[in-house]
Amino acid sequence: MTDAATSMKTKLPIACFVLEIVLIILFGTLVQYDAETDARAWHNKTHFDFENDFYYRYPSFQDVHVMIFIGFGFLMTFLQRYGFSSVGFNFLIAAFALQWATLMQGFFHGMHGGKIHIGVESMINADFCTGSVLISFGAVLGKTSPVQLLVMAMFEVTLFAVNEFILLTVLGARDAGGSMTIHTFGAYFGLMVTRMLYRPNLNKSNHKNCSVYHSDLFAMIGTLYLWMFWPSFNSAVTAHGDDQHRTALNTYYSLAACTLSTYAMSALTAHDGKLDMVHIQNAALAGGVAAGTAGEMMLTPFGSMVVGFLAGIISVLGFKYLSPVLEEKLKIQDTCGVHNLHGMPGVLGAVVGAVTASLATVEIYGEGLRDVFPDVASGRVDASHQGGIQAASLAVTLGVALVGGLIVGLVLKLPVFGAPSDAACFEDNVYWEVPGDDLITDGQLTAVRTEETEKLSGPETQ
Amino acid sequence: MTDAATSMKTKLPIACFVLEIVLIILFGTLVQYDAETDARAWHNKTHFDFENDFYYRYPSFQDVHVMIFIGFGFLMTFLQRYGFSSVGFNFLIAAFALQWATLMQGFFHGMHGGKIHIGVESMINADFCTGSVLISFGAVLGKTSPVQLLVMAMFEVTLFAVNEFILLTVLGARDAGGSMTIHTFGAYFGLMVTRMLYRPNLNKSNHKNCSVYHSDLFAMIGTLYLWMFWPSFNSAVTAHGDDQHRTALNTYYSLAACTLSTYAMSALTAHDGKLDMVHIQNAALAGGVAAGTAGEMMLTPFGSMVVGFLAGIISVLGFKYLSPVLEEKLKIQDTCGVHNLHGMPGVLGAVVGAVTASLATVEIYGEGLRDVFPDVASGRVDASHQGGIQAASLAVTLGVALVGGLIVGLVLKLPVFGAPSDAACFEDNVYWEVPGDDLITDGQLTAVRTEETEKLSGPETQ
Amino acid sequence: MTDAATSMKTKLPIACFVLEIVLIILFGTLVQYDAETDARAWHNKTHFDFENDFYYRYPSFQDVHVMIFIGFGFLMTFLQRYGFSSVGFNFLIAAFALQWATLMQGFFHGMHGGKIHIGVESMINADFCTGSVLISFGAVLGKTSPVQLLVMAMFEVTLFAVNEFILLTVLGARDAGGSMTIHTFGAYFGLMVTRMLYRPNLNKSNHKNCSVYHSDLFAMIGTLYLWMFWPSFNSAVTAHGDDQHRTALNTYYSLAACTLSTYAMSALTAHDGKLDMVHIQNAALAGGVAAGTAGEMMLTPFGSMVVGFLAGIISVLGFKYLSPVLEEKLKIQDTCGVHNLHGMPGVLGAVVGAVTASLATVEIYGEGLRDVFPDVASGRVDASHQGGIQAASLAVTLGVALVGGLIVGLVLKLPVFGAPSDAACFEDNVYWEVPGDDLITDGQLTAVRTEETEKLSGPETQ
């Protein structure tokens with residue numbers, strides 16, 4: 001399968017070197033330690049070491065970091081012959097995106113005397129932005145070259161920062177866990193990109209667009225890390241104290257309820273009442289997405305569970321009934337079903353956030369209102385207005401994601417990025433040295449041997 | 001293998017939906033944020049944000065959480081054709097059990113004006129209770145339907161909470177890491193359940209009750225996460241400060257010593273001096289179990305290592321010599337050998353705890369005595385009495401576990417839960433869509449090809 | 001493959017039991033809780049619970065712990081038939097080494113009235129020392145018995161502690177993340193050991209010295225955990241406050257930059273522009289190694305990225321061009337390429353540390369100078385002198401490592417430790433019960449079937 005068109009021999013080194021050198025120059029010019037990472041600045045203040053933000057947020061940061069690299073990376077290893085690319089491209093574009101996001105978010109979050117200040121909170125935000133790119137990666141999985149992915153990441157991170165700036169700074173919306181900024185944005189951006197990259201003849205490689213036994217177990221590693229650490233994700237940048245605590249707790253119960261509705265719906269809708277790994281790997285996570293906006297609010301454990309419960313149902317129904325329609329009618333080839341895991345649950349989360357915000361009162365939040373809804377606490381807006389802001393933010397996010405995805409999708413169609421042919425989709429050995437390909441590999445073994453196997457094993461294997 | 005008797009098409013959705021809806025209603029009626037998660041309550045107090053219990057316990061909580069979902073889940077993936085069920089049913093019953101445990105433990109730990117208050121400590125306790133259910137799952141692994149497991153979890157969580165209430169509140173025992181409440185209880189409960197579900201013809205599926213090469217590597221992921229995070233498990237709910245610190249340290253050294261004795265005993269007892277993965281995956285963890293009660297006490301690093309050392313020896317001997325006897329004579333088919341990993345080491349841990357408690361003095365503990373043995377510090381009991389309480393607690397635990405397991409085992413025998421036939425045990429495709437089963441799968445490949453393989457490969461494979 | 005020469009039936013139990021019993025006796029005689037783990041001592045002081053060092057360091061400790069057991073363990077599972085040994089021997093020697101390191105480092109770090117005091121910081125240091133042993137294990141992977149490895153660990157831990165003492169205490173060098181003490185030391189020690197154990201006929205088992213598809217995915221688990229948690233590794237024992245914060249941040253950006261240069265170089269140098277898993281699994285980590293010494297210094301994000309960028313390039317070039325030369329000309333059979341991941345990047349890190357130290361001023365560090373360069377702050381040495389100390393420390397480390405490795409390598413050649421024959425290298429079933437070896441296993445399947453497969457599948461498999 002060596003092919004000049006898809007060869008990365010010069011394209012990938014050029015892309016990586018140019019991007020990284022530009023990043024290094026910009027970091028050298030623009031980026032500084034913040035007051036909690038700088039030796040001089042920190043020791044210039046009156047405070048105790050345990051007040052350093054590092055101790056409030058670093059454990060959550062590491063959990064988020066695991067979600068980005070192991071969670072997303074392994075979630076996508078379900079494909080039988082695309083594990084190297086799933087984990088490996090995830091690794092590459094995440095490592096790029098977190099650096100680029102530091103700059104883009106730094107511009108918009110406010111410069112300090114012409115400098116971007118960084119510390120643990122900016123690291124979390126950079127990882128969050130990266131998560132959005134990886135969601136979009138899920139939509140185009142198996143059909144893009146690493147150079148295309150880097151180009152997509154570059155544009156998407158920029159648009160993410162713009163959208164985030166509009167929502168959080170201009171409009172004053174609240175979205176700590178990113179139902180809108182991360183999930184809705186990443187999903188609809190990715191869906192539009194994959195729409196633009198529509199391949200009518202993708203069926204040529206469809207026999208590889210499925211899992212084998214052990215690839216599904218690898219994917220479960222990704223699922224479980226995302227599931228376990230989602231409470232840290234949603235609470236990572238909320239206010240210190242009760243806010244982080246409450247957000248983690250809400251997310252924990254939302255996910256637990258979501259898991260039960262996912263199993264129920266999977267058995268109900270799948271063939272013969274058998275559970276479908278695709279649902280378990282994905283829909284059980286929808287509760288985390290849907291608690292992204294309202295998680296820091298006084299949603300109550302009850303409210304969190306209702307949200308998670310609904311998210312699981314919606315997500316499985318999406319996989320079962322909506323995805324085939326999207327592919328057939330709208331020509332959206334959504335490899336990982338990000339619409340079901342991030343798209344619809346993200347919209348649900350935004351709506352829940354808007355409703356919960358509009359119900360906020362001093363009665364319920366006490367002095368804590370300043371942390372969760374500073375504009376309501378200060379009297380700048382009332383609660384129902386805050387709810388309206390939240391709803392408007394969803395609309396803005398959808399707009400930016402769809403228009404942005406359209407444009408970036410068009411850019412990615414340029415025939416210079418080394419995209420694989422239709423027959424070479426979902427196949428690692430286009431871009432990777434695959435061990436044993438001079439002999440034979442597990443994945444192929446299954447396929448190659450079908451005929452022989454049927455003869456040999458006959459009725460024993462069903 | 002589609003079969004009306006085992007079909008989950010209606011049974012599993014009904015079970016999941018009914019349980020989750022009941023949970024949601026009860027949470028809506030009974031559960032509230034505690035004073036550290038509630039916005040109004042937290043901001044009503046005079047304290048610093050860093051004093052929120054979240055920062056003391058959340059990192060430990062996340063470690064425990066990983067143990068529950070990745071640790072237990074992957075530990076059980078060693079079976080060649082039961083990986084989906086091991087990880088997947090573990091996921092399902094854990095997600096249910098942690099919600100149910102929040103309620104059951106909340107009832108017994110003391111209501112606040114008719115309400116259960118929750119926060120990071122209740123989340124840890126819910127995960128602990130879930131751990132107990134997963135231990136029992138290990139005993140019946142491969143022989144039960146997901147509906148049976150949910151029913152078992154429902155009853156077991158309830159009995160766990162009752163037993164825990166008797167031990168910690170009524171008797172005043174100490175058991176921070178749960179040698180008794182979690183491990184002894186979960187193991188003997190599960191052993192009794194599997195005894196009640198005895199299958200005389202289980203040999204029909206015995207060829208699947210073993211591992212393949214990569215399934216053993218997946219299982220090692222589970223083992224190592226359990227091993228690494230056990231110090232967090234044992235210290236997660238001990239008192240702030242030196243107690244958490246000391247418990248983590250004791251457990252660390254107990255596990256290290258246990259690992260060396262496990263390797264020694266495995267080579268000594270196994271065939272030809274070759275190491276047996278079953279021992280490494282399980283017995284090396286016994287040191288964590290055995291340090292569960294005494295871990296928070298002034299056990300000393302020396303004492304911890306002695307305990308771990310003995311636990312490893314006992315556990316390997318159990319796998320080698322006791323498990324076959326239990327199966328043959330007592331008809332206890334203990335799939336994962338939980339008696340060796342959780343049963344005997346749990347009893348050892350209880351005994352060590354009783355002895356260590358009876359040796360407690362103000363000399364050794366200073367003011368810290370109030371944290372570890374409040375009843376001894378207050379003069380309500382003396383140290384030897386505390387030791388007696390610990391011993392009595394072990395007896396109570398064994399009693400509740402065995403009687404509870406007997407009754408629940410009888411319930412699970414009701415022919416309505418979709419249990420698999422003897423020939424369909426240890427087989428994923430009873431309850432899961434397994435990829436490639438229309439062709440052939442790795443696991444079956446090995447079995448199916450035996451004959452052909454012998455012919456082909458002959459002497460080369462040994 | 002049962003063979004009296006390699007049988008572990010008596011050798012391994014004797015080694016494990018003797019070592020563990022000696023450890024237990026020495027711990028009983030010499031080791032005590034420190035002031036933050038001892039119940040009496042902690043409660044004797046005036047402080048708040050949140051000031052206990054546990055809360056500053058335990059999350060980092062657990063991340064380091066995961067790197068040691070999962071990170072190193074799974075990184076080495078890339079070999080097709082050596083997964084049990086990679087993970088399993090890693091587990092064994094790490095469990096031993098961390099106990100032995102507690103004693104050895106305790107001797108040199110200063111006794112308290114004849115006693116070694118331990119707590120979370122000593123646990124981290126013990127894990128660090130263990131990391132060094134595991135680096136050396138990477139050099140000899142596949143060619144040693146578990147008893148040889150235990151013997152190597154015993155000597156290496158001792159020499160590590162001596163070298164660390166010379167560097168940090170005698171010379172006054174700074175090396176928080178261990179570019180010198182851990183990586184350079186471990187790599188060159190291991191390279192010398194493998195040189196002494198040179199096997200001219202290793203080609204007899206070379207067909208097993210490579211990966212299969214799923215073994216490369218297991219290895220990526222190791223890689224990613226090392227990559228994600230390296231910021232915790234480098235910052236785990238730096239001073240509280242800005243120092244931990246800054247070190248984590250520097251390492252994060254160093255690794256991100258390193259990842260991009262690794263992908264670029266891999267595509268540039270590998271066959272047909274295809275990415276090589278060996279590079280991705282290893283070279284992408286070099287940025288963490290290279291930031292080990294200077295990570296706590298005011299290296300700036302820019303400086304960190306430059307260092308990581310260079311480390312990735314050097315490391316890939318090493319794998320591609322230097323490793324074959326080392327093997328052919330110098331007879332150094334470096335299974336995992338530790339020279340490229342730990343050796344050269346470690347030296348780079350030491351040099352960067354020396355340069356950064358020599359540029360330290362009160363202007364840049366303010367009061368923080370006392371934390372990072374106490375000797376410069378106190379006026380005992382000036383910055384350029386500190387730089388000289390750093391450079392001298394590198395030379396000392398190389399000397400101790402090479403001489404130590406030579407001697408220990410000679411010891412390991414003694415024909416009593418059960419080393420495998422040349423034909424039995426890289427093969428689990430010398431020391432492990434391997435499932436299905438009475439039938440056939442995945443790994444062998446591939447090999448055994450080559451001939452038949454070619455016939456069957458023909459052009460389809462390339």
Side-chain angles (χ1 to χ4, degrees), chain A residues 50-51 55-56 59 63 210-214 216-217 220 224 227-229 232 240-242 244-246 248-249 252-253 256-257 259-261 263-264 267-268 270-277 280 284 298 301-302 305-306 309 364-369 372 446 449-450 453 456-457 460-462, chain B residues 1-2 7-9 12-13 16-17 19-20 23-24 27-28 31 33 36-40 42-44 49-50 52 54-55 58-59 62 65-66 69-70 73 77 83-84 87-88 91-92 95-96 98-99 118-120 123 214 218 431-437 439-444 448 452:
Chain A
F50 49 74
E51 294 180 84
Y55 303 106
Y56 288 99
D63 292 349
C210 58
S211 65
V212 291
Y213 193 68
H214 280 167
D216 268 326
L217 281 179
M220 280 303 290
L224 287 174
W227 196 93
M228 296 182 300
F229 289 165
S232 302
H240 296 168
D242 62 301
Q244 286 194 280
H245 200 159
R246 181 173 58 251
L249 187 145
Y252 174 81
Y253 285 107
T259 302
L260 266 83
S261 63
Y263 274 80
L268 198 61
H271 178 63
D272 279 334
K274 291 186 181 184
L275 294 162
D276 186 334
M277 263 288 166
I280 307 308
M298 289 290 285
F302 166 76
M305 288 161 74
V306 171
F309 186 73
I364 299 170
Y365 289 83
E367 295 289 310
L369 195 62
V372 185
T446 308
R449 294 299 181 78
T450 311
T453 296
L456 273 171
S457 57
E460 270 195 73
T461 53
Q462 297 261 338
Chain B
M1 286 201 191
T2 306
S7 171
M8 291 290 117
K9 185 131 195 127
L12 188 60
C16 288
F17 279 135
L19 290 173
E20 189 58 47
L23 282 168
I24 289 175
F27 265 70
V31 176
Y33 295 124
E36 317 218 347
T37 31
D38 185 88
R40 184 191 182 92
W42 177 253
H43 285 271
N44 216 10
D49 278 334
F50 49 74
N52 195 296
F54 183 77
Y55 303 106
Y58 188 71
Q62 275 297 359
H65 215 40
V66 171
F69 289 88
I70 287 281
T77 56
F84 288 12
V87 170
F91 187 18
L92 171 64
F96 164 69
L98 64 87
Q99 296 177 79
I118 62 175
V120 68
M123 287 159 69
H214 280 167
F218 279 114
Y431 301 116
W432 296 86
E433 300 266 6
V434 177
D437 262 14
L439 315 176
I440 195 165
T441 61
D442 296 11
Q444 289 178 317
V448 164
E452 184 215 11

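Throughout, protein chains are lettered first and strands after them, A, B, ... in sequence-line order, and every chain is numbered starting at 1. Computed from a predicted model, the values in this text were never measured in an experiment.
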Q.
Report which part of Y55(B) has an atom under 4.5 Å of a heavy atom belonging to chain A: side chain, backbone, both, or neither.
A. side chain

Q) Among L224(A), I280(A), V306(A), L369(A), which has the most heavy-atom pairs under 4.5 Å with chain B? A) L224(A)

(Q) Show the nearest heavy-atom pair for residues A264(A) and P13(B), with the distance to one decimal. (A) O-CG, 3.4 Å

**Q.** Set of side chain to side chain donor-acceptor pair (under 3.5 Å) partners for D276(A), sequence neighbours left out
**A.** none

Q) Is it the side chain or the backbone of Y56(A) that comes within 4.5 Å of chain B heavy atoms, both, or neither? A) both

**Q.** Sub-4.5 Å side-chain heavy-atom contact between I118(B) and T37(B)
**A.** no

**Q.** E367(A): salt bridge (Lys or Arg N to Asp or Glu O under 4.0 Å) partners, not counting sequence neighbours
**A.** R370(A)

Q | chain B contact via P301(A) - side chain, backbone, both or neither, heavy atoms under 4.5 Å | A | both

Q) Would you say F96(B) and T259(A) make side-chain contact, with heavy atoms under 4.5 Å? A) no

(Q) If I measure from the heavy atoms of chain A, does F218(B) come under 4.5 Å with its side chain, its backbone, both, or neither? (A) side chain

Q | Contacting region of F50(B) [heavy-atom separation from chain A under 4.5 Å] | A | both

**Q.** Q62(B) side chain to S232(A) side chain, donor-acceptor N/O pair below 3.5 angstrom
**A.** yes

Q: Select, from T77(B), N44(B), I70(B), V120(B), the one with the greatest count of heavy-atom pairs under 4.5 Å involving chain A.
A: I70(B)

Q: Among the options L98(B), V87(B), L19(B), V31(B), pick out the one with the most heavy-atom pairs lying under 4.5 Å from chain A.
A: L98(B)

(Q) Among M8(B), E20(B), E36(B), which residue has the highest count of heavy-atom pairs closer than 4.5 Å to chain A? (A) E20(B)

Q.
With side-chain hydrogen bond (donor to acceptor under 3.5 Å, both in side chains) as the test, pick out the partner of D242(A) among H240(A), R246(A), Q244(A), H245(A).
A. R246(A)

Q.
Classify the ring geometry of W432(B) against Y263(A): parallel below 30°, tilted from 30° to 60°, perpendicular beyond 60°.
A. perpendicular

Q.
Please classify the contact of I364(A) with chain B as side chain, backbone, both or neither, using a heavy-atom distance under 4.5 Å.
A. backbone

Q) Should the ring pair Y213(A) and F84(B) be called parallel, tilted or perpendicular, given that the plane angle runs from 0 to 90° and is split at 30 and 60? A) parallel

Q: Determine the option with the most heavy-atom pairs under 4.5 angstrom with chain B, choosing from A257(A), A270(A), A248(A).
A: A257(A)

Q. Where on D49(B) is there a heavy atom nearer than 4.5 Å to chain A: the side chain, the backbone, both, or neither?
A. both

Q: Go through Y58(B), Y33(B), F27(B) and name the one with the most non-hydrogen pairs under 4.5 angstrom from chain A.
A: Y33(B)

